[in-house]
Amino acid sequence: MEKIEFLDLGQQPITNNFLSNEAPQNEFLYNLRVGYDQATSLVSLMEFIPPIKMFNENYAHRASQSQTMRKAYKELSDNLKKKFKPKSILEIGSNDGVFLKNFNNIINVGVEPCKNLAKITNKIGIKTYSEFWNYNLSNKIINEIGLFDIVYSANTVSHIHDLEDALYSISNILNKNGIFILEDPSLLETLKKVSYDQFYDEHAYVFSIYSLNKIIKDIDLEIFYVEKLNTHGGSNRVYFKKKFGNQKVSNNIDRMISEEKELGINKFETYLDFSKKIKNSKKNLKNLFNIIKDKNKKIIGYGATYKSSTVLNYCKIDKNYIEYFIDTTPNKQGKFTPGTHIPIIDPKDGMNETVDFAFLGAWNFRKEIMNKEIKFIDRGGKFITHVPNPRIL
Ligand code: DWN
């Protein structure tokens with residue numbers, strides 16, 4: 001793969017490295033750069049960070065922390081049961097089991113390299129392999145359990161560096177008529193929303209349907225349906241079958257690829273333009289923060305997301321701008337944001353009368369958050385977002 005760089009987001013930390021100490025010694029930083037591959041139109045980080053630095057026994061993110069996602073996983077589970085009547089399901093990147101626990105009546109198996117998370121699902125009776133997904137692991141699971149009717153993977157394949165091996169191993173573990181469902185942030189939406197915070201250490205790739213279609217060329221997988229989702233700032237749910245599998249191929253795939261091509265997803269110039277928009281976004285966000293700060297108003301962060309780490313570190317927004325972040329995730333509370341060292345506290349302690357503005361780190365849950373924070377809004381509190389352009393909501 002010949003990547004050409006189009007974006008430099010500066011020195012960035014490991015996004016999962018929520019710090020116990022406000023002034024850490026030797027915090028690991030690297031230069032986050034993003035590139036484009038001419039042959040496949042695949043967008044990826046120029047350099048990958050060793051997986052073990054990111055996915056370990058201290059993984060903070062819990063997929064079950066938002067009502068939006070709990071509901072989305074439940075709905076998907078109901079639909080899959082109705083439509084495909086699977087007897088077995090494997091999830092790659094099973095996190096805390098928020099999806100798999102809906103399949104207690106069939107063979108449900110997780111793969112989750114983060115040991116603290118795998119412990120949770122093993123405890124509730126979901127057999128979970130705490131290993132990185134690869135060909136060897138696929139064979140081990142085939143030997144111990146067998147082939148699967150459905151393989152599901154949300155927000156995980158985009159994190160696996162050896163894509164070809166990951167997809168080949170999925171095809172390996174599927175039944176003849178089995179299906180694979182991939183769910184990851186959409187490149188089209190990232191470009192439209194200028195949501196450059198989809199780029200961070202864990203997100204090795206941001207996929208388009210166009211590039212996925214090229215990558216699977218030599219693998220026994222074929223896309224047969226695509227759904228657009230609002231989750232995680234705009235994602236694609238892509239359904240794959242084996243080449244001789246019995247599912248009918250929908251014509252919505254061609255339509256989606258045409259839409260992507262219309263936006264120039266397969267042209268390098270599109271990314272140069274995107275990069276210019278990002279630089280502008282940084283300038284405008286910083287201006288907005290400065291204007292608010294000059295009026296002596298109190299700004300907090302809402303949702304210490306991995307995504308927001310890119311924004312804060314790229315725009316150099318630290319404690320001088322954001323007093324603290326609130327986040328419902330217990331593993332993040334009492335810690336400090338990576339790179340920018342802003343304290344993270346329990347929303348119960350932080351969402352009070354003194355707050356004037358809240359920067360939406362979790363802008364992807366804007367609706368859920370705004371519904372929840374009626375009191376804050378009613379007393380004149382305002383949210384700040386950088387998506388699709390920096391502004392006060
Ligand atoms: O791909 C990934 C996604 C799915 O999850 C991972 N690589 C890492 C992680 O990324 P993220 O942190 O950007 O994901 P979320 O799901 O946007 O994070 C939302 C955060 O906001 C959580 O820490 C929970 C928090 N939150 C909150 O404090 N109050 C969320 C809601 C809705 C709330 O009301």
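Atoms within each ligand, like the ligands themselves, are counted from 1 in listed order. Numbering starts at 1 and runs along the sequence shown. Treat the numbers as computed from the prediction; the structure is a model and nothing was measured.
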Is the closest N or O pair between S66 and ligand 1 shorter than 3.5 Å?
no
Quick one: does H159 get a heavy atom under 4.0 Å from ligand 1?
yes
Nearest-option assignment for atom 25 (C) of ligand 1, heavy atoms, candidates N331, L360, D327:
D327
Among all the protein's non-hydrogen atoms, which is closest to atom 28 (O) of ligand 1, and how far away is it?
T328 N, 2.9 Å
Note the single closest protein heavy atom to atom 18 (O) of ligand 1, along with its residue, its atom name and the distance in Å.
T305 CG2, 3.4 Å
Any idea which protein heavy atom is nearest atom 7 (N) of ligand 1, and the distance to it?
E202 OE1, 2.5 Å
In terms of atom number and element, which parts of ligand 1 are under 4.0 angstrom from non-hydrogen atoms of T329?
22 (C), 23 (O), 24 (C)
May I ask you to identify, for I369, whether its side chain, its backbone, both or neither come under 4.0 Å of ligand 1 on a heavy-atom basis?
side chain
Using only atom types and a distance under 3.5 Å, with no angle test, would you say the side chain of S250 pairs donor to acceptor with the backbone of N252?
yes
Heavy-atom pairs closer than 4.0 Å: do any link ligand 1 to the side chain of N364, the backbone, both, or neither?
side chain
Among R62, R366, K307, closest by heavy atom to atom 13 (O) of ligand 1 is K307
Please write down residue, atom name and distance for the protein heavy atom closest to atom 1 (O) of ligand 1.
H203 NE2, 3.2 Å
Among Y302, Y200, F55, Y306, closest by heavy atom to atom 6 (C) of ligand 1 is Y200
In the protein, which heavy atom is nearest to atom 16 (O) of ligand 1, and how far is it?
H232 CE1, 3.2 Å
Is there any N or O on Q65 that sits under 3.5 Å from an N or O of ligand 1?
no
